[in-house]
Protein chains: 2
Amino acid sequence: MADAQASSAAHEAWELLTEVMMGQRSRMLAIASEFDLAPAQVMALKSIEPGSPKPMSELATLMRCDNSNITGIVDRLEARGLVARRPGDRDRRVKMLEVTPEGEELRRQLHGRLSRPPEPLASLGEEDARALRDILARALGRNDD
Amino acid sequence: MADAQASSAAHEAWELLTEVMMGQRSRMLAIASEFDLAPAQVMALKSIEPGSPKPMSELATLMRCDNSNITGIVDRLEARGLVARRPGDRDRRVKMLEVTPEGEELRRQLHGRLSRPPEPLASLGEEDARALRDILARALGRNDD
DNA sequence: TATTGTTATACTCTATAACTATA
DNA sequence: TATAGTTATAGAGTATAACAATA
């Protein structure tokens, strides 16, 4: 019964969180189209960190989609000069993805736009913002004790 | 400078929140495919509440997409017997969308799967869960004071 | 034999523009 | 003229299956 009580507050929190997320959908879409990128392209670009090339299959895993999709997504990013395919060193079947200088710049701009807290969070008082941060850190297992 | 401090905690909270949301993506996709629905179809079905028919244009607004997309999405839901188009009472140009009994049942099942808090939230202690709920309620303007 | 990435195919989502039937 | 919904079209994402090169 302690369990039922516990899940009630978590349940309500999840419903509110869902609402926050839904509210961000249009913002994300707007930012993506600002940069003339499809949402999947944004996700791919965010996933490839400068300085640490990734096999295509790893990108597929991160994006939870089939390898065959990645071919097209990377084709389009490569056509725009944002990422590049490089042959793998050991296994000649794999192709490593890396961000070009242009890609890095766009990535920076994207991050600048996406990392800004949306209205609901920005409107929180300092005390609430800190408490929220700490609770989320615990939820994600970033224990600071 | 109080502002810079304030946005720092909100900023960190937003980064953590983004992480929570990303973690839910595959869950959402999995649940959608469990019911043989595309993500946009899930969103449409969730948006049409039983007992309160909606014009197609209103669905387009809710889903942040063009009217023309809604035609196809509703076509497929209607072909599966989940929603129905009904002529508008006053303005004969509009078509009202309503959920069929089958649609209501599927909606119920969907909600049952989607409304369950995901791992990070479910793992929170009761005190954190309540605090999280209250902070999110304030963030969304659900003031209880 | 198994795996990485590609290609071919088919379906869904998306926006734009042109169209219809109403208003 | 303007609006609600459709159709036509084109581009992008998605999964499946078949394939080439490599392991």
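Naming: A, B, ... by sequence-line order, numbering from 1 per chain.
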Taking five pairs at each end of the helix from dG5(C)-dC19(D) to dA23(C)-dT1(D), what angle separates the two helix axes (nearest 10°)?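 Comparing the axis at each end, I get an angle of 0°.
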Check the distance between [N]'s [atom2] and [X]'s [atom1] and give it to me in whole angstrom.
X: Ile70(A); N: dG13(D); atom1: CD1; atom2: P; answer: 10 Å
X: Arg85(B); N: dG5(D); atom1: CZ; atom2: C1'; answer: 9 Å
X: Asp36(A); N: dA12(D); atom1: CG; atom2: C1'; answer: 13 Å
X: Arg86(B); N: dG5(D); atom1: CZ; atom2: P; answer: 14 Å
X: Gln41(A); N: dG11(D); atom1: CD; atom2: P; answer: 14 Å
X: Asp75(A); N: dG13(D); atom1: CG; atom2: P; answer: 10 Å
X: Leu97(B); N: dG5(D); atom1: CG; atom2: C1'; answer: 11 Å

Report the distance from atom [atom1] of [X] to atom [atom2] of [Y], rounding to the nearest 0.5 Å.
X: Ser8(A); Y: Glu126(B); atom1: OG; atom2: CD; result: 7.5 Å
X: Lys46(B); Y: Met63(B); atom1: NZ; atom2: CE; result: 10.5 Å
X: Asp134(B); Y: Leu132(A); atom1: CG; atom2: CG; result: 12.0 Å
X: Leu77(B); Y: Leu82(B); atom1: CG; atom2: CG; result: 6.0 Å
X: Arg27(A); Y: Arg64(B); atom1: CZ; atom2: CZ; result: 13.0 Å
X: Met22(B); Y: Ser47(A); atom1: CE; atom2: OG; result: 6.0 Å

Take a 6.0 Å sphere around CD of Glu127(A) and say whether it holds more than 12 heavy atoms from other residues, nucleotides or ligands.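 No, the 6.0 Å shell around CD holds no more than 12 heavy atoms from other groups.
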At the 4.0 Å heavy-atom cut-off to chain B, mark where contacts on DNA chain C begin and end, going 5' to 3'.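 Footprint of chain B along DNA chain C, 5' to 3': dT12(C) to dA23(C).
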Do NZ/NE/NH1/NH2 and the carboxylate oxygens of Glu104(A) and Arg107(A) come within less than 4.0 Å?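 Judged by the 4.0 Å cut-off on N to carboxylate O distance, Glu104(A) and Arg107(A) do not form a salt bridge.
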Lys/Arg-Asp/Glu bridge criterion (N-O < 4.0 Å) met for Arg85(A), Asp75(A):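 Salt bridge between Arg85(A) and Asp75(A), a charged N being under 4.0 Å from a carboxylate O: yes.
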Please encode protein proximity along nucleotides 14-23 of chain D as a string of B, S and -, counting only heavy-atom distances under 4.0 Å. BBBB---BBS
With the side chain counted from C-beta on, respond yes when Leu136(A) and Glu15(B) share a heavy-atom pair under 4.5 Å apart, and no when they do not.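 Answer no - side chains too far apart.
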Same cluster for Leu29(A) and Leu17(B) if Ile/Leu/Val/Met/Phe/Trp/Tyr side chains link at under 4.5 Å?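 Looking at the clustering, Leu17(B) is in a separate group from Leu29(A).
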